[in-house]
Each structure stands twice: as C-alpha cells, then as structure tokens.
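Since the structure comes first, as structure tokens, the remarks are kept for the end.
Below, chains carry the letters A, B, ... as their sequence lines are ordered, and counting in each starts from 1.
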2 protein chains.
Amino acid sequence: MAGSIAAERPRTARGTATKARIVEAAADLMRAHGVASTSVDAVLAASKASKSQLYHYFADKDDLVLAVIQRQTECVLAAQESMLRGLTSLAGLRRWRDAVVELSRESQCAGGCPLGSLVSELAESPKPRAQLAESFARWEAYLIAGFKAMRDRSGSKSSVDLADLATAVLAALQGGLLLAQTTRSTRPLELALDMAIDQVASRLK
Amino acid sequence: MAGSIAAERPRTARGTATKARIVEAAADLMRAHGVASTSVDAVLAASKASKSQLYHYFADKDDLVLAVIQRQTECVLAAQESMLRGLTSLAGLRRWRDAVVELSRESQCAGGCPLGSLVSELAESPKPRAQLAESFARWEAYLIAGFKAMRDRSGSKSSVDLADLATAVLAALQGGLLLAQTTRSTRPLELALDMAIDQVASRLK
DNA sequence: AGCAGACTGGACTAATCGGTCCAGTAGGAG
DNA sequence: CTCCTACTGGACCGATTAGTCCAGTCTGCT
C-alpha cells in the first residue's frame with residue numbers, strides 16, 4: 001500500500017530546499033510529540049509548505065516517516081562520528097560520555113534519542129523497523145572501530161567480541177536516555193554510561 | 001483540560017468488570033500499536049463495550065491512558081516481584097536475567113517493555129510522565145531490596161550506592177529491550193543484562 | 001414488588017485526519 | 001523570447017477521530 005509509487009526527487013535547488021524544510025520540520029515534530037500524533041497539516045504549517053508540495057516529494061505519510069528516520073540517522077551518526085573519531089583510550093571514551101550527557105542536558109532530557117524514541121511506535125512496521133535496525137548497526141560500527149583502535153593502541157590481547165561490547169554500550173546509552181527522559185534528570189544516563197565504560201575497561205584489559 | 005472531572009468509580013460488580021475489560025483491551029492495543037494510534041473505537045471493539053461505557057468510567061482518552069499506565073505498572077511489578085523475591089545471590093540474579101530474556105523471547109521481542117514503550121510517546125505530557133517516573137522508581141526499589149539482601153548475605157562491606165546500581169541495571173534492561181525490539185533478537189537484551197550483572201558483581205564485591 | 005441510581009447501546013456531531021486534484025507560477029534550456 | 005516542466009497554492013473529499021447525549025435496561029436495597 002505504502003511507497004508503491006516512488007517518491008519524486010527534486011530537480012531544482014528550490015525543490016531540494018522545500019523537501020529538506022519539510023523533512024526537518026517533520027523530524028522535529030515527530031521527535032517531540034511522536035510519529036502518530038504529528039499530523040501532515042502540522043508539518044506543513046511548521047515548514048511553511050503546502051499539501052501539494054509534500055505529496056509531490058513523498059508518496060504518503062509513511063514515506064515521509066522513512067525520510068525522517070533517514071535524516072535522524074545521518075544527524076546522529078555525524079555527531080557520533082565526530083565524537084568517536086580518534087577514540088583510542090578510556091580517557092577518550094570518558095570524554096565521549098561527557099559529551100553525550102551534555103547533549104542530553106542541553107535539551108532538558110526531552111525527546112530522548114532521535115532514533116531510539118522512534119522505536120516503540122515503528123517497531124511493528126517492517127520497513128521502518130528494518131531501517132532503524134540498520135541505523136543502530138551503523139552506530140555500533142563506529143563504536144566497534146573505536147574499541148578496535150583502543151585495543152590495538154593498548155597492545156591488549158583480549159579476545160572479547162567487540163561487536164557484542166558495542167551492542168551492550170549502545171543498550172546502556174538507549175536505556176539511560178529513556179530513563180533520563182522519564183525522570184528529567186541526566187543521572188540515569190550518567191550511571192548507565194559509567195557502567196558501560198567499566199565494562200569496556202574490564203573486557204578490553 | 002484532561003481529568004477536570006474525576007473518573008467515575010464503578011459501584012457494582014458488573015461495572016468493575018466492564019472497566020477492567022476496557023483497560024485491558026486498551027493496554028494490549030497501546031502496547032502493540034502505540035498510544036496515539038490506538039483509537040477509542042478500537043478499544044471499544046476489542047473490549048466489546050460501548051462509547052457511553054467508556055466515558056462513564058473515564059473523563060477522556062488521557063484519563064484512560066493513565067489507567068493503562070497504572071495497570072501495566074501493576075502487571076510488571078507483580079511479575080518482577082515474584083522473580084526478584086528471595087534474591088540473595090549472583091546466581092539468583094542470573095536466574096532473573098534468564099527469566100526476563102525468556103519473557104522477551106516468548107513475544108518474539110515485540111512490544112518491548114510494557115512501561116518503557118510508553119515513554120517516548122508520553123514523556124512530554126506532565127501527568128503520564130510523572131506516573132511513569134514513579135513506576136520506574138518502584139521497580140528500582142525491588143532491585144534495591146534484592147541487592148541489599150545479596151550484600152547482607154555475602155557479608156560484603158561494599159559501600160556502593162544500591163540505588164545507583166539499580167538505576168544502571170534498569171537502564172541496561174530498558175536499552176536491551178529497545179534494541180531487541182528493533183533487531184527482533186534477544187541478543188542485545190542478553191548482552192546488556194550480562195553487562196549489568198558484571199557491574200553488580202564487581203560493585204557488590 | 002418497586003424504586004433509585006448505576007449501567008448500557010448506539011445515534012449523532014464537529015473537528016481533524018490523510019490524501020487528491022487542478023489551475024496557476026516560476027525558472028532553466030534553446 | 002518561448003516553451004517545457006518542475007514546482008506551488010489551496011479548495012476539496014471521504015474516512016475517521018474524540019467526545020456528547022438520551023432513552024432504555026439492569027441491580028442492589030428496602
């Protein structure tokens with residue numbers, strides 16, 4: 001039913017800007033209020049676009065949701081990449097922790113993770129769920145690369161599975177953000193990430 | 001706006017049964033499809049009740065949502081209480097881990113945590129958010145009690161803050177469930193909980 | 001039995017939803 | 001300048017939404 005007609009790609013600079021404006025507004029609204037309770041009309045109002053513009057670039061609302069996932073993925077991964085680049089020591093991992101906590105604090109712990117907060121609403125729909133799974137896999141890949149650099153640098157001969165380690169760290173981050181969002185405090189996030197760092201330290205020793 | 005008129009309490013056995021049927025159906029639907037995309041009509045159809053019945057017991061949909069949170073809280077805490085009762089050793093904690101993983105496996109990792117999956121949609125609404133925060137606090141209390149029993153039993157003189165430990169463990173559980181729901185595999189949950197158990201073991205030593 | 005009030009069924013409404021359609025504008029290529 | 005087409009504005013549609021209302025039925029109490 002959804003996506004049967006491929007979304008039109010913009011062919012001019014103006015069209016590209018319009019499409020981007022729509023996706024950005026949709027991403028903000030959906031992160032704040034959830035996917036289902038973000039109406040197409042609200043997205044239009046926030047992006048100052050008209051209905052025909054939205055349906056010119058997206059087959060339907062589901063198609064827009066996929067674009068939002070895509071956009072949030074690129075945003076999160078870009079931020080993570082810059083925070084994890086050159087990660088070669090536990091001290092670096094602790095700086096990453098502090099940066100993540102600071103990011104959460106800046107938004108008063110609202111919204112949670114731009115990707116994680118989409119999961120519960122979209123996990124029963126095959127396409128969005130697959131997209132989110134791939135996004136998390138890419139995120140883990142960054143962590144794995146960092147852990148590998150840490151292990152190489154330290155000359156450790158630990159044979160721990162770095163992918164498993166990355167999954168556990170990502171889970172701690174997501175759970176920490178979820179509890180932080182609920183309690184409106186960065187404390188659960190800090191505790192979860194500290195636990196994750198302890199785990200990395202002991203497993204990479 | 002919401003809850004200005006207190007929800008009527010049922011005064012007969014029949015009324016009590018009707019209200020319970022409505023809440024149960026709403027809880028199931030909201031867990032599966034999300035809060036916003038569960039319509040009142042769908043709840044009515046699933047519970048074989050009529051509109052006047054629902055609005056006899058609930059002021060509005062928001063009020064019904066609060067009742068759903070309440071119900072899910074009692075369900076989760078009852079299950080956790082029975083799994084955590086008599087927790088006095090690491091071996092017992094591992095049995096708890098296995099039971100939680102098994103529960104997730106039984107549902108094909110769908111739905112996630114009955115409480116956690118509500119967070120992202122409700123965290124911006126004051127009353128539901130406060131309810132969820134209290135529910136998590138009660139959950140942590142069970143964990144704290146278990147950790148205390150473990151520490152007393154083992155004669156450990158660790159001075160670690162048991163509340164912080166419980167928060168970290170709960171975060172691992174929530175994050176593990178979120179990733180499990182996304183990847184449709186219990187593996188992230190297992191890894192997150194193993195990490196949490198390692199943390200308990202090392203902090204309680 | 002009979003009464004009061006709790007409970008129920010479902011028609012109804014106004015607003016909002018996602019989505020369609022078409023007439024009109026703008027902007028790059030020749 | 002001219003034409004083609006990408007792009008835009010917004011009226012419009014049927015379906016669905018949360019919520020109201022009232023007439024009728026059941027139930028516990030005396």
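Side chain of A:Glu24 to backbone of A:Arg21: no donor-acceptor contact under 3.5 angstrom is found.
Here B:Gln53 does not reach the OP1 or OP2 of C:dC7: none of its side-chain N or O atoms lies under 4.0 Å away. Residue B:Tyr57 places no side-chain N or O under 4.0 Å from the OP1 or OP2 atom of C:dA6.
Atom NZ of B:Lys19 and atom P of C:dA6 are 14 Å apart (whole Å). Counting to the nearest Å, the C1' atom of C:dC7 and the CZ atom of B:Phe58 are 14 Å from each other. Between the P atom of D:dT17 and the CG atom of B:Leu64 lies a distance of 15 Å, rounded to the nearest Å. For the pair B:Glu8 CD and C:dC7 P, the computed distance is 8 Å after rounding to whole Å. Atom NE2 of B:His56 is separated from atom P of C:dA6 by 7 Å (rounded to the nearest Å). Regarding B:Leu44, its CG atom lies at a distance of 12 Å from the P atom of D:dG19, rounded to whole Å. A:Lys48 has its NZ atom 21 Å from the P atom of D:dC7, to the nearest Å.
Residues B:Glu121 and A:Ser120 bring no donor and acceptor atom of their side chains to less than 3.5 Å of each other. Judged by distance alone, the side chains of B:Ser50 and B:Ser52 do bring a donor and an acceptor atom under 3.5 Å apart.
B:Asp194 has no carboxylate O lying under 4.0 Å from a charged side-chain N of B:Arg94, or vice versa, which leaves the two without a salt bridge. Salt bridge annotation for A:Lys148-A:Asp152: present, with a cationic side-chain nitrogen under 4.0 angstrom from a carboxylate oxygen. Between A:Arg203 and A:Asp164 there is no salt bridge, since no side-chain nitrogen of the basic residue lies less than 4.0 Å from a carboxylate oxygen of the acidic one.
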In the 5'-to-3' direction, what one-character label does each nucleotide of nucleotides 17-30 of chain C receive under the scheme B = base within less than 4.0 Å of a protein heavy atom, S = sugar-phosphate only, - = no such atom?
SBBBB----S----
